[in-house]
**Q** 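Got a structure here, written out as structure tokens. Questions coming.
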Amino acid sequence: MTVALDDTTEDLSNNKNEERYLVPGLVRGLAVLQAFNQEASEMTISEIAEILNVNRSSAFRLIYTLEASGYLRKASAKTYALDSKVMELGFNSLSKLSLTDLATPIMKELRDQTQVAAHLSVLEGTHIIFIHNVQAIGAFTSTLQVGTRWPAHATVIGQYLLSSLPENEVRQRYSKFQDWKSFSERTPKNLKELLARLDLVREQKFMVSWGHFNHDMAACAAPIFKQSKQEMVAVLSVSCPLSTYDENVFKDEIANLVTASANKISKFIY
């Protein structure tokens, strides 16, 4: 019995990439669902057939099956669109996961791409609090721990999170705030400067701190949004010593990776 199991395992391992294990109809059906996006939210049979590189008859059978199963619906006399059952495929499981559960694999991927530490932060009062960290690869070890708190007004992470609030709420949170500690020339020194800074922040897809909070550290932050309301729920960031990257590389390549990762996480937050 042991030999038979070992032989089967070895056979599967040797042939795991062989196409004979694929189910072509299922592959094409999934390709139909993936063809729909923001630019192509509705498509005709002919358009779907062209994307899949199949004839119209094959496309019709795929569409008919998906419609009967509840994954596609008739949007008009000639077009089809995704039905709500598609959302249920992911939502039923994703809704049971926490933000950190959803973000962790993407944060690890970002860490592997950049070789630096990745962090997840939320707003609490006038502070940011780190709720999850993925340690860097290599000699540098981030000292940030889950639960670490930083002043929101002085950090790019905090400024992002504050920018998502209505102005009256920001004023209320800072109505009795006195600790306007300055860390660099970019640190707002009062409420008026903070509000002006937040106006600029709202227009940014990402923000970089090049030694502006911790003088020997670089950080890049990008917002994470909830899909249902497009409200900011957290900020993804990376950090490393200034010597890790050239400043231009950090503000270009690393910033783009952080932004792309934040967008990936946002897609799973409903």
Side-chain angles (χ1 to χ4, degrees), residues 9 13 16-17 90 93-94 96-124 127-152 154-161 163-164 183-184 186-187 201 204-227 232-270:
T9 302
S13 177
K16 63 181 180 181
N17 293 322
S93 58
L94 294 177
K96 297 178 176 64
L97 298 177
S98 68
L99 173 59
T100 55
D101 289 332
L102 294 168
T104 295
I106 298 172
M107 291 175 68
K108 287 182 177 178
E109 181 183 30
L110 176 62
R111 184 272 313 275
D112 294 343
Q113 291 171 330
T114 62
Q115 304 291 295
V116 301
H119 319 285
L120 197 63
S121 309
V122 296
L123 186 65
E124 188 175 277
H127 287 78
I128 62 167
I129 182 167
F130 289 84
I131 61 172
H132 190 45
N133 297 311
V134 174
Q135 192 57 263
I137 296 174
F140 173 73
T141 301
S142 173
T143 58
L144 284 174
Q145 303 293 328
V146 171
T148 297
R149 298 165 64 90
W150 283 351
T155 64
V156 290
I157 297 170
Q159 290 170 5
Y160 250 134
L161 291 165
S163 72
S164 69
F183 295 86
S184 75
R186 293 196 178 187
T187 305
V201 169
Q204 310 303 315
K205 293 183 178 180
F206 66 86
M207 290 204 300
V208 170
S209 172
W210 192 259
H212 298 140
F213 181 68
N214 290 321
H215 297 303
D216 58 346
M217 297 289 291
C220 179
I224 296 170
F225 294 95
K226 180 181 290 188
Q227 292 294 308
M232 196 182 304
V233 294
V235 166
L236 176 68
S237 63
V238 297
S239 65
C240 61
L242 293 180
S243 59
T244 307
Y245 283 102
D246 173 81
E247 184 175 359
N248 290 328
V249 171
F250 191 81
K251 291 181 176 180
D252 182 13
E253 297 177 16
I254 302 304
N256 286 335
L257 289 171
V258 174
T259 304
S261 297
N263 290 339
K264 282 184 184 179
I265 297 172
S266 294
K267 291 180 180 179
F268 295 109
I269 309 298
Y270 298 100

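Values below: every heavy atom of this structure, side chains too, minus hydrogens, waters and symmetry copies. Quick caveat, the model's predicted, so the values are computed rather than measured. Along the sequence shown, residues are numbered consecutively beginning with 1.
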**Q** Within the 3.5 Å criterion, strictly below it, is a donor on Ser98 or Asp101 matched to an acceptor on the partner's side chain?
**A** yes
**Q** Using side-chain contact (heavy atoms from CB on, under 4.5 Å), reason through Val146 and Thr148 one step at a time and then give a plain yes or no.
**A** CA-CA 6 Å; Val146 171; Thr148 297; over 6 Å; no
**Q** Do the side chain of Gln227 and the main chain of Ser266 share a donor and acceptor less than 3.5 angstrom apart?
**A** yes
**Q** Taking the side chain as C-beta and beyond, is there a heavy-atom pair between Tyr160 and Gln204 under 4.5 Å?
**A**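 Of all side-chain heavy-atom pairs linking Gln204 with Tyr160, at least one is under 4.5 Å.
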**Q** Do Phe225 and Ile269 have side chains that get closer than 4.5 Å, going by heavy atoms?
**A**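 No, too far: nothing below the 4.5 Å cut-off.
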**Q** Is it the case that the side chain of Ser261 and the backbone of Leu257 share a donor-acceptor pair, with hydrogens and angles ignored and the cut-off at 3.5 Å?
**A** yes
**Q** Side chains of His212 and Phe183: closer than 4.5 Å at any heavy-atom pair?
**A**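 No. Closest side-chain heavy atoms not under 4.5 Å.
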**Q** Checking Met232 against Lys226 for the side-chain contact (heavy atoms from CB on, under 4.5 Å) test, could you report, in this order, the C-alpha distance in whole Å, the side-chain angles of both residues, the deciding distance, and whether it holds?
**A** CA-CA 6 Å; Met232 196 182 304; Lys226 180 181 290 188; over 6 Å; no
**Q** Can you find a pair of side-chain heavy atoms, one from Leu99 and one from Ile131, that are under 4.5 Å apart?
**A**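 The answer is yes, as the side chains (C-beta and beyond) meet within the 4.5 Å cut-off.
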**Q** Quick one: does Ile224's side chain get under 4.5 Å of Val235's, heavy atoms only?
**A** no
**Q** One pair to check against side-chain contact (heavy atoms from CB on, under 4.5 Å): Phe206 and Cys220. What are the steps and the verdict?
**A** CA-CA 7 Å; Phe206 66 86; Cys220 179; 4.2 Å; yes
**Q** If you define the side chain from C-beta out and look only at heavy atoms, does anything of Leu144 sit under 4.5 Å from Trp150?
**A**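 In short, these two side chains touch, coming nearer than 4.5 Å.
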**Q** To the nearest 0.5 Å, how far apart are CG in Asn214 and CG in Asp216?
**A** 6.5 Å
**Q** How far does CG of Asp252 sit from CG of Asp246, to the nearest 0.5 angstrom?
**A**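 Answer rounded to 0.5 Å: 10.5 Å.
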**Q** To the nearest 0.5 Å, what is the distance between OG on Ser121 and CG on Asn133?
**A**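 Atom-to-atom, Ser121:OG and Asn133:CG are 7.5 Å apart.
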**Q** Check Phe213 against Ala154 and note the closest heavy-atom contact, atom names and distance.
**A** CD1-O, 3.7 Å
**Q** Between Thr104 and His132, is there a side-chain donor-acceptor contact under 3.5 Å, judged purely by atom types and distance?
**A** yes
**Q** Fit a plane to each ring of Phe250 and Tyr245, take the angle between them on a 0 to 90° scale, and name the class: parallel (under 30°), tilted (30 to 60°) or perpendicular (over 60°).
**A**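 Tilted.
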**Q** With rounding to the nearest 0.5 Å, note down the distance linking CD1 in Ile128 to OG in Ser237.
**A**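 Output value for this atom pair is 7.0 Å.
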**Q** Identify the two heavy atoms, one from Val258 and one from Ala221, that lie closest to each other, and give their separation to 0.1 Å.
**A** CG1-C, 4.4 Å
**Q** Could you pull out the closest heavy-atom pair between Lys205 and Pro223, with the gap in Å?
**A** O-CD, 3.6 Å
**Q** Answer yes or no: is there a side-chain heavy-atom contact under 4.5 Å between Val122 and Phe130?
**A** no
**Q** Rounded to the nearest 0.5 Å, how far apart are NE2 of His127 and CG of Leu161?
**A** 13.5 Å
**Q** Quick one, Leu110 with Leu236, criterion side-chain contact (heavy atoms from CB on, under 4.5 Å). Give me CA distance, side-chain angles, the key distance, then yes/no.
**A** CA-CA 10 Å; Leu110 176 62; Leu236 176 68; 3.9 Å; yes
**Q** Is the side chain of Arg111 donor-acceptor paired with the backbone N or O of Ile137 at a distance under 3.5 Å, no angle test?
**A**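 No: the side chain of Arg111 does not pair with the backbone of Ile137.
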**Q** Begin from the C-alpha positions of Ser239 and His119 and carry the test side-chain hydrogen bond (donor to acceptor under 3.5 Å, both in side chains) through to its verdict.
**A** CA-CA 8 Å; Ser239 65; His119 319 285; 2.7 Å; yes
**Q** Taking the side chain as everything from C-beta on, heavy atoms only, tell me whether Met217 gets closer than 4.5 Å to Leu242.
**A**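 No, too far: nothing below the 4.5 Å cut-off.
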**Q** Could you measure the distance from the CD atom of Gln159 to the CZ atom of Arg186? Nearest 0.5 Å is fine.
**A**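 Taking CD in Gln159 and CZ in Arg186, the distance rounds to 9.5 Å.
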